[in-house]
Amino acid sequence: MTAQLIDGNALSMQLRAQVAADTAQLKAKGLTPGLAVVLVGDNPASQVYVRNKVKACEDAGLHSVLEKYEADMSEADLLARVQALNNDPSIHGILVQLPLPAHIDAQKVIEAINPLKDVDGFHMASAGALMTGMPGFWPCTPYGCMKMLESIGYSLKGKHAVVIGRSNIVGKPMALMLLQQNATVTICHSATPDLKAMTLQADVIVAAVGKRNVLTADMVKPGAVVLDVGMNRNDQGKLCGDVDFEGVKQVASYITPVPGGVGPMTITMLLVNTLESAQRALSEKS
Ligand code: GUN
C-alpha cells in the first residue's frame, strides 16, 4: 500500500479562502478582525514564525500588528503590554510568541491574556474549556490535525488513537480533541516502555515529539492514518518530521508530509480562531 497524502498546503488554501470571505463580510458590517503578535528577543526561528503569521493575516484581510521588543524587556513591561492589548477593541487575538527570554515567566504572561482573546489556546481557561467540552479556543496545531482528519472524512468513533508526545501545546490537547470525537486514546511519551507495542494497535497515530524517526514502518499497523507534527532537520539539513516518511508511507493509508503537512495548518487555525473571536465580539455588540 502507498499512503495518500493529506496536503496541508491545499487544505490551508481552502480554509484561508473561507476566512478571507468571512472577514470581508465582517468588514462590511464595520468590524475588522485584528491579531496582535508579540515577539520578545531575536530568536531567529521565532522571527520567521511571526513574519509568517502576520503575512497570513494580511493575505486574508485581517488587521495585524507586530510588536517587537528587545530581549531584555522586563516581565512587568510585557505584562503591561498584554494588558493594553486586552483593553484594545481593535484586537481580537493576542499571541505572545514562545519561547520567551529566561527571565520572563511565560506561564504568567499567558495567564495575563484575556481568555476571550487567547487565540493560541494556551491559557489555563482555554485548556479547561477543552477538557470539559465548553466553548473556548483550541490550540492551533492539534486543531489543525483535527481539520486534516475531517478533510478525509475520517470518523474517530471507536478508533484507537495513539499520541506520541505530551506537551501542553500539542500532545495533551490533541488527546483531548481525539477523545471528544469518541476515539480511545493512548498518550505515549519518553517513559513509555514499549512504544511499538502501543503504536501497532493504533488506527490513528499523531507523532509530536520533535525527534526524527520516532515512528518507523515496523511500528505502524497497515492502513493506519499517520499525522506528523514534527519539525526537524535531517543530516543534509533538510526539513523533516518525526516520522520516517519514506518507510511509513508504504504501510499507512494516509500520511501528512513534512514540509507541507501539519505546519501550514497551525497558522491557518490561528486565523480561524482570530476570526471567531471577532465574530463573537460583533455578536456581543449587537
Ligand atoms: N512557538 C512555537 N509555536 C508557537 C505557537 O503556536 N504559538 C506561540 N505563541 N509560540 C509558539
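In what follows, every heavy atom counts, from backbone to side chain, and hydrogens, waters and symmetry copies are set aside.
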Has [X] got a side-chain atom pairing as donor or acceptor with [Y]'s backbone, closer than 3.5 angstrom?
| X | Y | result |
| --- | --- | --- |
| Ser12 | Pro264 | yes |
| Ser277 | Leu116 | yes |
| Ser74 | Asp77 | yes |
| Asn273 | Val119 | yes |
| Asp120 | Phe122 | no |
| Thr256 | Ile6 | no |
| Lys117 | Ile91 | yes |
| Asn114 | Asn86 | no |
| Lys159 | Ser155 | yes |
| Ser253 | Ala3 | no |

[X] versus [Y]: any side-chain heavy-atom pair under 4.5 Å?
| X | Y | result |
| --- | --- | --- |
| Lys221 | Gln201 | no |
| Phe245 | Asp228 | no |
| Ser46 | Pro99 | yes |
| Val96 | Val82 | yes |
| Leu79 | Val109 | yes |
| Ser190 | Arg166 | yes |
| His63 | Cys57 | no |
| Val225 | Leu149 | yes |

side-chain contact (heavy atoms from CB on, under 4.5 Å) between Lys157 and Gln181, intermediate numbers included: CA-CA 6 Å; Lys157 188 174 175 181; Gln181 294 293 312; over 6 Å; no

Do the side chains of [X] and [Y] join up, straight or via other hydrophobic residues, at under 4.5 Å, putting them in one cluster?
| X | Y | result |
| --- | --- | --- |
| Leu31 | Val19 | yes |
| Val38 | Val54 | no |
| Val204 | Val258 | no |
| Ile169 | Leu176 | yes |
| Ile94 | Met269 | yes |

Suppose the criterion is ring pair (Phe, Tyr, Trp, His ring centres under 6.0 Å): which pairs have a residue in residues 141-191, not counting sequence neighbours?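 For residues 141-191, and leaving out neighbouring residues, the ring pair (Phe, Tyr, Trp, His ring centres under 6.0 Å) pairs sorted by first residue read Trp138-Tyr143.
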
Nearest heavy-atom neighbours spanning [X] and [Y]:
| X | Y | result |
| --- | --- | --- |
| Met73 | Ile104 | O-CD1, 3.7 Å |
| Thr274 | Gly34 | CG2-O, 3.7 Å |
| Ala56 | Arg16 | CB-NH1, 3.6 Å |
| His92 | Ala281 | CD2-CB, 3.8 Å |
| Ala71 | Pro101 | O-CG, 3.5 Å |
| Val226 | Leu215 | CG1-CD2, 3.8 Å |

Check: [X]/[Y] side-chain N/O donor and acceptor closer than 3.5 Å:
| X | Y | result |
| --- | --- | --- |
| Gln47 | Asn43 | no |
| His103 | Glu75 | no |
| Gln14 | Gln18 | no |
| Asp118 | Ser126 | yes |
| Asn234 | Lys238 | no |
| Tyr69 | Glu67 | yes |
| Lys53 | Gln97 | yes |

How far does [atom1] of [X] sit from [atom2] of [Y], to the nearest 0.5 angstrom?
| X | Y | atom1 | atom2 | value |
| --- | --- | --- | --- | --- |
| Leu15 | Ile267 | CG | CD1 | 13.5 Å |
| Ile255 | Leu227 | CD1 | CG | 9.0 Å |
| Lys108 | Leu78 | NZ | CG | 10.5 Å |
| Asp22 | Gln279 | CG | CD | 5.5 Å |
| Leu179 | Ile187 | CG | CD1 | 9.0 Å |
| Met174 | Cys145 | CE | SG | 5.0 Å |

Apply side-chain contact (heavy atoms from CB on, under 4.5 Å) to Ser90 and Thr32, showing your working. CA-CA 7 Å; Ser90 73; Thr32 302; over 6 Å; no

Are [X] and [Y] close enough for a salt bridge, meaning some N to O gap below 4.0 Å?
| X | Y | value |
| --- | --- | --- |
| Arg212 | Asp242 | no |
| Lys196 | Asp218 | yes |
| Glu58 | Lys55 | no |
| Arg280 | Glu284 | no |

Should Thr141 and Val262 be marked as a side-chain contact (heavy atoms from CB on, under 4.5 Å) after you check the CA-CA gap, both sets of side-chain angles, and the distance that decides it? CA-CA 7 Å; Thr141 300; Val262 175; 3.8 Å; yes

Which is it for Leu195 and Val214 under the side-chain contact (heavy atoms from CB on, under 4.5 Å) test, yes or no, and what are the steps along the way? CA-CA 9 Å; Leu195 178 62; Val214 157; 4.2 Å; yes

